[in-house]
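Whatever order the structure lists them in is the order used to number ligands and atoms, beginning at 1.
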Amino acid sequence: MRPEVAVVGAGPAGLLAAKRVAERGFSVQVYEEHSAVGEPCHCAGLISVEGLRRLGLEPREDFIQGEVYGGRVYAPSGEHMELRDSRPRAYVVDRSSFDRHLAERAADAGAELILSKRVEALDFNGGTAALRVRGGVLEPSVVIDAEGPGARLLGQAGHDAGQRGLLNGFNAELDGVEVEQGMVELWFGDSLAGGFFAWVIPTGDGEARCGLASRGDGLACLKGFLRNRFGVEPQARVRAGRVCTGGPVQRTVYGNVLLVGDAAGQVKPTTGGGVVLGGLCAGIAGDVASEHLGDGRDLGRYEGLWRRRYGHEFSLMLALRGLMNGLGDERLSRALQAFKEEGLQARAQMLLERGDVDMQAGVIREALTDPAMLATMVRSLGRVALGELLSLVQGGRPRG
Ligand SMILES: Cc1cc2nc3c(=O)[nH]c(=O)nc-3n(C[C@H](O)[C@H](O)[C@H](O)COP(=O)(O)OP(=O)(O)OC[C@H]3O[C@@H](n4cnc5c(N)ncnc54)[C@H](O)[C@@H]3O)c2cc1C
């Protein structure tokens, strides 16, 4: 059968896009190179409460492992600041089960899942791409490319999507460790996790998921971190994956191909979380593909639609990531100390309570327009370091 839409990759973005297309009554096939959905799993599994709702999903016991109320942020000096909400702000999710749930929903809507089938190439003829798979060539009307971080197919076809800021990330599951349930830990430091941070996420009684991403030798850094923090070596196999921190790619529509999810860099550059924003953009791609098939509307609309809705979020988060990357250990430690000494913890706490875990532009803007917070940041970080963020905030809503 020639599907109207072919999706490359059965991660969250591909599955959410496929469900949307199938619900609109069009035929859609999802090609996944692995033999099972959700495997191998390398994700830390934090998904905001609000984000799950935005994706139209209920929290279900079969994939929720816990709730997160707040966290402790550790500066390179070891000093920390604690922020805690009275209501759960995020879920800890078992990503394999979560992805399987998305696959079931897509299949229930009518999408066909084809496992163990790698898409080997996109063959462009003019503006139309066909899919080369083992045993044949497929000519769908629309291709949704959801192949994840460091997507290769478009590059091989001569279109460099230009993904930047990919870091190597590592995750280890620990048991027999002491962690406070409901509170995550984020550890910053250039030698620990340059360009990102290390995390500890409680997953159950005495259990935690611990990982980091970094510009350097992340695996060695993680082993060092586990020794320092818990006095342990990784007990089980450490999972590796790539974390996108460079923001969206320049272009996400190539003829009949729409790029979505990590493949499009639709990931929060601050935290590397891509399930929610990537999933929301994938939903838009599913709608645009369906409207193209139904009414002949232009596929190029996808580019403007997702950028208008989320572009300013990505821009501000990317500027914050740039600021963090350029600070260095000393200034970062100084800033955290200044926040505590100048009694700004309560203000930060208030921002956490009001702020949105996924759409972070609002909270970034509020922090930079709060006179006391801004003065402390300028004193401890320097106005030059804040330059890009300040100009974005003062310049209104930039596009991503
Ligand atoms: C260490 C780590 C921790 C993370 N923690 C979080 C977190 O806590 N919260 C969060 O929101 N995000 C997190 N992320 C990011 C999150 O995993 C991604 O944003 C999300 O998985 C992106 O979904 P996707 O569908 O775009 O891509 P993926 O989930 O990567 O799925 C892509 C799929 O495409 C398949 N594929 C690739 N090429 C082909 C091909 N040619 N043919 C067929 N199939 C193909 C792959 O096998 C894969 O199944 C983390 C990432 C890492 C590495």
Side-chain angles (χ1 to χ4, degrees), residues 6-18 29-48 51-52 55 65 68 90-96 98-100 102-103 113-122 131-134 138 143-156 163 166-172 184 186 193 196-199 201 203 209-214 218-219 222 238-245 259-282 285 357-358:
V7 177
V8 185
L15 293 167
L16 287 160
Q29 289 180 336
V30 184
Y31 287 83
E32 170 55 50
E33 62 185 346
H34 291 101
S35 57
V37 169
E39 306 288 350
C41 171
H42 48 241
C43 179
L46 275 187
I47 298 183
S48 71
L52 200 70
L55 293 176
Q65 297 178 294
V68 174
Y91 296 113
V92 185
V93 157
D94 175 323
R95 260 297 298 276
S96 299
F98 178 76
D99 286 17
R100 279 196 295 275
L102 296 183
L113 203 57
I114 300 174
L115 298 174
S116 304
K117 196 114 185 176
R118 177 176 165 71
V119 174
E120 286 161 1
L122 292 177
L131 258 62
R132 213 181 320 142
V133 291
R134 196 174 2 97
L138 208 72
V143 176
I144 296 183
D145 183 346
E147 58 180 302
R152 286 184 302 261
L153 292 172
L154 275 167
Q156 285 165 2
Q163 190 152 32
L166 285 176
L167 301 178
N168 292 321
F170 298 89
N171 243 330
V184 297
L186 304 181
F196 209 67
F197 54 83
W199 58 84
I201 301 171
T203 50
R209 185 170 297 142
C210 191
L212 57 75
S214 105
L219 186 54
L222 178 60
V238 175
R239 298 269 188 202
R242 283 197 284 177
V243 178
C244 305
T245 64
L259 262 183
V260 300
D262 273 26
Q266 291 159 339
V267 178
K268 292 181 280 186
T270 45
T271 66
V275 172
V276 174
L277 280 172
L280 292 171
C281 293
V357 178
D358 298 303

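Annotation: side chain of Arg242 is not in contact with side chain of Leu167 (no heavy-atom distance under 4.5 Å). When side chains are defined from C-beta on, Cys43 does not count as touching Arg239, because their heavy atoms never get closer than 4.5 Å. Thr271 places none of its side-chain heavy atoms less than 4.5 Å from the side chain of Trp199. Side-chain contact between Val119 and Leu138 is absent, with no heavy atoms from C-beta onward closer than 4.5 Å. Inter-residue side-chain proximity for Asn171 and His42 is flagged as unmet; no heavy-atom pair is nearer than 4.5 Å.
Between Val275 and ligand 1, an N or O atom pair is found at a separation short of 3.5 Å. Looking at ligand 1, you won't find any N or O of Ile47 less than 3.5 Å from one of its N or O atoms. Residue contacts with ligand 1: Gly261 is placed with no nitrogen or oxygen under 3.5 Å of a nitrogen or oxygen of the ligand (distance criterion only). Checked by distance only, ligand 1 and Val260 stay at 3.5 Å or farther apart across all their nitrogen or oxygen atoms. Of the N or O atoms in Gly241, none lie within a sub-3.5 Å distance of an N or O in ligand 1.
A donor-acceptor pair is defined here as one N or O able to donate and one able to accept, closer than 3.5 Å; no such pair exists between the side chain of Gln266 and the backbone of Leu277. In this structure a side-chain-to-backbone donor-acceptor pair under 3.5 Å is missing from Glu33 to Glu147. At least one donor-acceptor pair closer than 3.5 Å links the side chain of Arg134 to the backbone N or O of Ser116. Formation of a donor-acceptor pair under 3.5 Å by the Arg209 side chain with backbone atoms of Ile201 is not found in this model. With hydrogens and angles disregarded, no donor-acceptor distance shorter than 3.5 Å links the side chain of Asp99 to the backbone of Val37. In this structure, the side chain of Glu32 engages the main chain of Ala10 through a donor-acceptor pair within 3.5 Å.
For ligand 1 and Leu46, the ligand atoms under 4.0 Å from any heavy atom of the residue are 7 (C), 8 (O), 9 (N), 10 (C), 11 (O). Set against the non-hydrogen atoms of Gly45, the atoms of ligand 1 under 4.0 Å away are 7 (C), 8 (O). The distance from ligand 1 to the heavy atoms of Gly272 drops below 4.0 Å at these ligand atoms: 12 (N), 13 (C), 14 (N), 15 (C).
Nearest non-hydrogen protein atom to atom 44 (N) of ligand 1 is Glu33 N, 3.1 Å. Nearest to atom 38 (N) of ligand 1 among the protein's heavy atoms is Glu147 CB, 3.4 Å. Of all protein heavy atoms, the one lying nearest to atom 42 (N) of ligand 1 is Val119 N, 2.9 Å. Counting protein heavy atoms only, atom 26 (O) of ligand 1 is closest to Asp262 N, 2.9 Å. Nearest protein heavy-atom contact of atom 27 (O) of ligand 1 is Gly148 CA, 3.5 Å. Closest to atom 32 (C) of ligand 1, if we only count protein heavy atoms, is Ala146 O, 3.4 Å. Ranking protein heavy atoms by distance to atom 47 (O) of ligand 1, first place goes to Glu32 OE2, 2.7 Å. The shortest contact between atom 1 (C) of ligand 1 and any protein heavy atom is with His42 O, 3.2 Å.
Rounding to the nearest 0.5 Å places CG of Leu222 at 6.0 Å from SG of Cys210.
Under 4.0 angstrom from ligand 1, the non-hydrogen atoms of His34 all belong to its side chain. If you look at Arg242 next to ligand 1, the close heavy atoms, those under 4.0 Å, all belong to the backbone. Looking at Pro12 against ligand 1, both its backbone and its side chain come within 4.0 Å, counting heavy atoms. Contacts between Glu120 and ligand 1 below 4.0 angstrom, taking non-hydrogen atoms only, are absent altogether. Residue contacts with ligand 1, taken as heavy atom pairs separated by less than 4.0 Å, involve Val8 solely via side-chain atoms from C-beta onward.
Test Leu259, Val260, Leu153 against Val8 for side chain to side chain contact (heavy atoms under 4.5 Å, CB included) and you get one pass: Leu153.
Every heavy atom of Gly278 sits 4.0 Å or more from the atoms of ligand 1. Under the 4.0 angstrom criterion for non-hydrogen atoms, Pro149 is in contact with ligand 1. The closest approach between a heavy atom of Val243 and any atom of ligand 1 is below 4.0 Å.
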Determine, stepwise, if the pair Val184 / Val92 fulfils side-chain contact (heavy atoms from CB on, under 4.5 Å). CA-CA 10 Å; Val184 297; Val92 185; 5.9 Å; no

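Using a 4.0 Å cut-off between a side-chain N of Lys or Arg and a carboxylate O of Asp or Glu, Arg100 and Glu39 qualify as a salt bridge.
For the residues Arg95, Gln156, Lys268, Lys117, the heavy atom positioned nearest atom 21 (O) of ligand 1 is part of Arg95.
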